[in-house]
Amino acid sequence: MAWRANGRTNAELISTLRLLGVLQSERVANALSAVDRRKYCTASTPDPYADHPVPIGYGQTISAPHMHVMCLELLENYLHEGSRVLDVGSGSGYLSAALSLMVGPTGKVTGIDVVEQLVAWSISNVNKDHPELLESGVLTLKVGDGWKGEPSLGPFDAIHVGAAAATVPQALLDQLKPGGRMVIPVGNYNQELLQIDKDHNGRITQKHITDVMYVPLVKKLGGQS
């Protein structure tokens, strides 16, 4: 059903996702309505509002809109005013911007990507769309290794991973705050989206959400997990 959620504009895409029952959260709808997907796709993208992944260069993609919706709704209760969030594989900056709008002016979102050129492009994208997020320090976009995370800025209430890891990176588990949640695609050829929760005693539980197909989470440019 989600693959029918196409639109000619960002507003039309969001409306269709809601009509199809893919998008149910008002907070998520508001965030995605405020971040125009076209501004985070390459200029040559013919259908930025189609519900499928779009290449953004360097072997990376911006995920399909229905996957962004799914991940944001899974993390919604952990994206409150003042939350600290890590977005691994931040790519074009699209989801990092949406996450930043959901954590409010006292929140902090850190987006990391292994590809330096994508990080520079993502900063340009956000500066053209929501420069206040970068200017205020609510959002930081930087080069980083998703397998290592960003320990100096943790622990994180929520971690989103936008590329598939062969196994769950221990560093990300360590940086997840007790009471926090991570959403991550895991696997090589057979991938699944996992919801990983850490309770207040530090106990980890995993839940299978759905089968997926993501690009691999790389450790360095040209290398794979």
Side-chain angles (χ1 to χ4, degrees), residues 28 31-32 34-42 45 48 53-65 67-72 74-75 78-79 83-103 107-154 156-165 169 171-172 175-176 180-185 193 212 214-221 223-225:
V28 172
L32 293 180
V35 182
D36 192 327
R37 183 175 165 91
R38 175 182 288 279
K39 297 179 180 179
Y40 297 83
C41 294
T42 64
T45 302
V54 173
I56 56 174
Y58 307 96
Q60 305 303 305
T61 65
I62 179 173
S63 296
M67 289 306 305
H68 282 147
V69 168
M70 182 181 296
C71 291
L72 287 176
L74 289 170
L75 293 173
Y78 303 81
L79 303 174
S83 287
R84 299 182 74 85
V85 181
L86 180 64
D87 185 20
V88 175
S90 49
S92 69
Y94 173 78
L95 200 68
S96 296
L99 289 164
S100 299
L101 293 174
M102 294 183 72
V103 302
K108 176 64 179 177
V109 175
T110 302
I112 61 174
D113 201 285
V114 74
V115 183
E116 183 176 353
Q117 295 92 330
L118 285 180
V119 174
W121 181 53
S122 70
I123 292 172
S124 175
N125 293 339
V126 176
N127 268 323
K128 293 174 183 176
D129 193 27
H130 285 283
E132 75 280 1
L133 296 176
L134 296 171
E135 293 167 357
S136 66
V138 172
L139 174 60
T140 298
L141 296 164
K142 59 189 298 186
V143 176
D145 186 338
W147 285 85
K148 298 177 180 178
E150 198 63 35
S152 65
L153 297 175
F156 300 99
D157 298 279
I159 299 176
H160 168 265
V161 183
L172 298 185
Q175 291 165 43
L176 186 63
R181 173 172 289 178
M182 172 164 56
V183 176
I184 178 172
L193 187 68
V212 293
Y214 278 72
V215 297
L217 181 65
V218 299
K219 293 182 179 179
K220 59 183 179 179
L221 188 60
Q224 295 188 0
S225 61

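The first residue of the sequence shown is numbered 1, and numbering continues consecutively from there. Fair warning: this is a prediction, and the values are worked out from it, not measured in the lab.
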S.K.: Please report the closest heavy-atom contact between Pro185 and Val212, naming both atoms and the distance.
M.R.: CB-CG2, 4.0 Å
S.K.: Working to the nearest 0.5 angstrom, can you tell me the gap between Gln175 CD and Met182 CE?
M.R.: 9.5 Å
S.K.: Quick one: CD1 on Ile62 to CG on Leu118, what's the gap to the nearest 0.5 Å?
M.R.: 11.0 Å
S.K.: Inspect the surroundings of NZ in Lys108 and state if more than 12 heavy atoms from other residues, nucleotides or ligands are less than 6.0 Å away.
M.R.: yes
S.K.: Let me confirm one number: the CG-OG distance from Leu134 to Ser100, rounded to the nearest 0.5 Å.
M.R.: 8.0 Å
S.K.: Looking only at heavy atoms, which two atoms of Gly93 and Ser122 are closest? And how far apart?
M.R.: N-CB, 3.7 Å
S.K.: Look only at the side chain of Asp157 and the backbone of Gly180, and say whether a donor-acceptor pair between them is shorter than 3.5 Å.
M.R.: no
S.K.: Under the side-chain hydrogen bond (donor to acceptor under 3.5 Å, both in side chains) rule, collect the residues that match up with Glu116, sequence neighbours excluded.
M.R.: none
S.K.: How long is the gap from CG on Leu86 to OG on Ser96, to the nearest 0.5 Å?
M.R.: 9.0 Å
S.K.: Under a 3.5 Å distance rule, please check whether Trp147 uses its side chain to pair with a backbone N or O of Leu217 as donor and acceptor.
M.R.: yes
S.K.: Look only at the side chain of His130 and the backbone of Ala34, and say whether a donor-acceptor pair between them is shorter than 3.5 Å.
M.R.: yes
S.K.: Look up atom CG in Leu75 and atom NE2 in His160, then write down how far apart they are to the nearest 0.5 Å.
M.R.: 7.5 Å
S.K.: Does Gln60 reach the main-chain N or O of Ile56 with its side chain, forming a donor-acceptor pair under 3.5 Å?
M.R.: no
S.K.: Specify the closest pair of heavy atoms between Val114 and Val143, including all atoms of both residues, with the distance to one decimal.
M.R.: O-CG1, 4.2 Å
S.K.: What's the shortest heavy-atom distance between Leu133 and Ala97, and which atoms?
M.R.: CD1-O, 3.9 Å
S.K.: Are the side chain of Asn125 and the backbone of Tyr40 linked by a donor-acceptor contact shorter than 3.5 Å?
M.R.: no
S.K.: Taking only residues two or more places apart in sequence or in another chain, which ones pass side chain to side chain contact (heavy atoms under 4.5 Å, CB included) with Lys142?
M.R.: Thr110, Ile112, Thr140, Glu150
S.K.: Supply the atom-to-atom distance Leu141 CG to Ser90 OG, rounded to the nearest 0.5 angstrom.
M.R.: 5.5 Å
S.K.: Quick check: does any side chain N or O of Ser83 sit under 3.5 Å from a backbone N or O of Tyr78, one acting as donor and the other as acceptor?
M.R.: yes
S.K.: If you look at every heavy atom in Pro169 and Ile184, which pair is closest and at what distance?
M.R.: CD-CD1, 3.7 Å
S.K.: Which residues pass the side chain to side chain contact (heavy atoms under 4.5 Å, CB included) test with Leu32, not counting sequence neighbours?
M.R.: Ile14, Val28, Val69, Leu72, Tyr94, Ala98
S.K.: Taking all non-hydrogen atoms of both residues, which atom of Trp121 and which atom of Ser92 are closest, and how far apart?
M.R.: CZ3-CB, 3.4 Å
